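Every chain is numbered from 1, with letters handed out A, B, ... down the list of sequences. Just so we're clear, the structure is a prediction, and the values are computed from it rather than from any experiment.
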Protein chains: 2
Amino acid sequence: MRPEHKNVPAFPPGPHLDSDCRGAASVLARVGDKWSVFVIMMLGDGAKRFNEIKRMIGGISQRMLTLTLRGLERDGLVTRTVFPTIPPRVDYELTELGRGLSAPVKALGQWAIEHQPEIQRARTKFDARNES
Amino acid sequence: MRPEHKNVPAFPPGPHLDSDCRGAASVLARVGDKWSVFVIMMLGDGAKRFNEIKRMIGGISQRMLTLTLRGLERDGLVTRTVFPTIPPRVDYELTELGRGLSAPVKALGQWAIEHQPEIQRARTKFDARNES
DNA sequence: CCGTATCCCAGCGGATACTG
DNA sequence: CAGTATCCGCTGGGATACGG
């Protein structure tokens with residue numbers, strides 16, 4: 001297959017952003033990925049199996065879950081352990097690095113939950129003001 | 001125009017994810033947006049003008065910056081102030097809500113900067129192992 | 001300077017079917 | 001169960017040109 005992986009976007013050239021921010025971009029891209037965030041949150045409390053994650057998230061396709069997990073594995077954020085049993089069983093678990101990331105991510109999730117109502121209101125208000 | 005705005009994805013139905021997480025999804029989608037994150041970070045230290053932001057980020061198109069700012073404005077995260085001078089001048093600034101969000105976002109950015117090398121190494125290692 | 005309007009294409013991501 | 005392979009529609013987002 002070799003899907004040439006994700007963006008890892010070799011971000012647009014030019015000395016516009018200071019290089020630290022620039023380097024962080026490719027990392028933030030991972031976080032920026034909708035599904036990655038969910039998976040990281042799900043894995044926050046212990047290892048999970050493929051279909052287990054799939055069910056917990058809900059609405060993610062087999063394909064996207066695979067791709068997402070591969071991406072996370074590639075970045076050293078999750079480990080993939082195969083049990084050569086029948087039927088086969090595969091566990092995914094956050095690495096040390098992954099657990100480190102899950103903290104800020106959870107903080108974000110927490111914020112999102114807390115302020116969701118405010119944002120919803122802001123949205124409807126904005127939409128109301130700009131309707132023809 | 002009315003671009004029917006963004007996703008605000010009316011996330012996939014089904015009782016898979018507990019409803020709190022589900023509601024947070026549309027908020028996380030904002031954060032998940034690459035450009036939104038950058039803009040929030042840029043605006044972290046005071047109000048900025050349109051082209052100022054554009055230059056600081058670098059590599060963002062006029063169009064995308066406009067859309068991003070509109071999205072953030074809609075969500076009540078930034079304010080847009082127009083000075084009817086000639087030439088016109090428009091300032092963007094984080095709202096109280098936006099500043100609240102900028103904290104977790106910065107934490108994430110910080111993490112990204114700190115652990116970027118590790119991730120880079122993980123990536124090359126992974127790619128090396130899987131090359132044909 | 002700060003946008004909006006059009007054109008246009010790569011690639012994200014869903015649905016489905018097939019293997020070990 | 002845990003994937004891989006294929007097809008394909010949709011839209012995110014760049015390039016460009018124009019308006020206030």
Side-chain angles (χ1 to χ4, degrees), chain A residues 1-14 25 29-30 32-39 47-73 78-93 130 132, chain B residues 1-14 16 25 29-30 32-39 47-73 78-92 130 132:
Chain A
M1 196 193 178
R2 303 294 268 122
E4 283 327 304
H5 272 301
K6 274 267 185 175
N7 307 342
V8 191
F11 248 61
R30 260 254 108 355
D33 185 38
K34 184 171 91 183
W35 297 126
S36 295
V37 173
F38 280 106
V39 170
K48 304 251 174 308
R49 307 181 49 170
F50 187 88
N51 277 337
E52 206 173 347
I53 302 174
K54 189 166 183 322
R55 271 190 306 274
M56 290 180 72
I57 294 188
I60 189 175
S61 66
Q62 209 164 285
R63 178 184 139 86
M64 285 320 295
L65 183 52
T66 305
L67 289 180
T68 303
L69 286 168
R70 283 286 176 288
L72 292 171
E73 190 192 355
V78 309
T79 55
R80 179 173 183 273
T81 352
V82 184
F83 300 86
T85 61
I86 293 183
R89 169 203 177 110
V90 182
D91 274 15
Y92 292 92
E93 186 170 17
N130 298 35
S132 324
Chain B
M1 200 192 172
R2 304 295 268 121
E4 282 329 304
H5 271 302
K6 273 269 183 171
N7 308 342
V8 191
F11 247 60
H16 311 96
R30 262 258 119 308
D33 185 38
K34 182 172 93 183
W35 298 125
S36 295
V37 173
F38 280 107
V39 170
K48 304 249 175 309
R49 307 183 48 170
F50 186 89
N51 277 336
E52 205 173 346
I53 302 173
K54 188 165 183 319
R55 269 190 306 273
M56 290 181 73
I57 294 188
I60 187 176
S61 66
Q62 206 164 273
R63 176 185 143 86
M64 285 321 294
L65 183 52
T66 306
L67 289 180
T68 303
L69 286 169
R70 283 286 176 286
L72 292 171
E73 191 192 356
V78 309
T79 55
R80 178 172 182 276
T81 356
V82 184
F83 300 85
T85 60
I86 294 182
R89 170 204 177 109
V90 183
D91 274 15
Y92 292 91
N130 299 33
S132 325

(message) Let me confirm one number: the CZ-CD1 distance from A:Arg55 to A:Ile60, rounded to the nearest 0.5 Å.
(response) 13.5 Å
(request) Give DNA chain D the dot-bracket treatment, 5' to 3': Watson-Crick (N1-N3 with N6-O4 or O6-N4) or G-U (N1-O2, O6-N3) under 3.5 Å, [ ] crossing, | other strand. (result) ||||||||||||||||||||
(message) What's B:Phe83 touching, base or sugar-phosphate or nothing? Going by heavy atoms closer than 4.0 Å.
(response) nothing
(message) Is A:Tyr92 close enough to D:dC1 that one of its side-chain N or O atoms is under 4.0 Å from OP1 or OP2 there?
(response) no
(request) Looking only at non-hydrogen atoms, find the nearest pair between A:Tyr92 and A:Val78 and report the distance. (result) CD2-CG2, 4.5 Å
(message) So B:Arg49 and B:Val90, do their side chains get closer than 4.5 Å, heavy atoms only?
(response) no
(request) Could you check how far NZ of B:Lys48 sits from C1' of C:dC1, rounded to whole Å? (result) 18 Å
(request) Round to the nearest Å and state the distance from B:Leu69 atom CG to C:dC1 atom P. (result) 16 Å
(request) Indicate whether OP1 or OP2 belonging to C:dC2 is found under 4.0 Å from a side-chain N or O atom of B:Arg49. (result) yes
(request) Taking only the side-chain heavy atoms of B:Pro87 (C-beta and beyond), determine which of C:dC1, D:dG3, C:dC2 contains the nearest atom. (result) C:dC1
(message) In this structure, how many angstroms lie between the C1' atom of C:dG20 and the CZ atom of A:Arg89, rounded?
(response) 19 Å
(request) Rounded off to whole Å, could you give me the CD-to-P distance for the A:Glu73 and D:dA2 pair? (result) 15 Å
(request) For the side chain of A:Arg70, starting at C-beta, report the closest nucleotide among C:dC1, D:dG13, D:dG3. (result) D:dG3
(request) Tell me which nucleotide among D:dG3, C:dC2, C:dG3 gets nearest to the side chain of B:Asn51. (result) C:dC2
(message) Measuring from atom CG of A:Leu69 to atom CZ of A:Arg80, what distance do you get when rounded to the nearest 0.5 angstrom?
(response) 9.0 Å
(request) Check B:Thr68 against B:Arg30 and note the closest heavy-atom contact, atom names and distance. (result) O-NH2, 4.5 Å
(message) I need a per-nucleotide contact map over nucleotides 14-20 of chain D, read 5' to 3'. Cutoff is protein heavy atoms under 4.0 Å; write B for the base, S for backbone only, - otherwise.
(response) BB-B--B
(request) Could you check how far CG of B:Leu67 sits from P of C:dT4, rounded to whole Å? (result) 8 Å
(message) Measuring from atom NZ of A:Lys54 to atom CE of A:Met64, what distance do you get when rounded to the nearest 0.5 angstrom?
(response) 12.5 Å
(request) Starting at atom CD of A:Glu52, determine the distance to atom P of D:dA2, rounded to an integer number of angstrom. (result) 9 Å
(request) Take atom CZ of B:Arg80 and atom C1' of C:dG3, then tell me their distance rounded to the nearest Å. (result) 8 Å
(request) With sequence neighbours left out, write down each residue that passes side-chain hydrogen bond (donor to acceptor under 3.5 Å, both in side chains) with A:Asn51, or none if nothing qualifies. (result) none
(message) Without decimals, in angstroms, what is the distance between B:Asp91 CG and C:dC2 C1'?
(response) 12 Å
(request) Work out which heavy atom in B:Ile57 is nearest to a heavy atom in B:Phe38; give both atom names and the distance. (result) CD1-CB, 3.8 Å
(request) Hey, could you give me the OG1/CZ distance between B:Thr66 and B:Arg63, rounded to the nearest 0.5 Å? (result) 9.0 Å
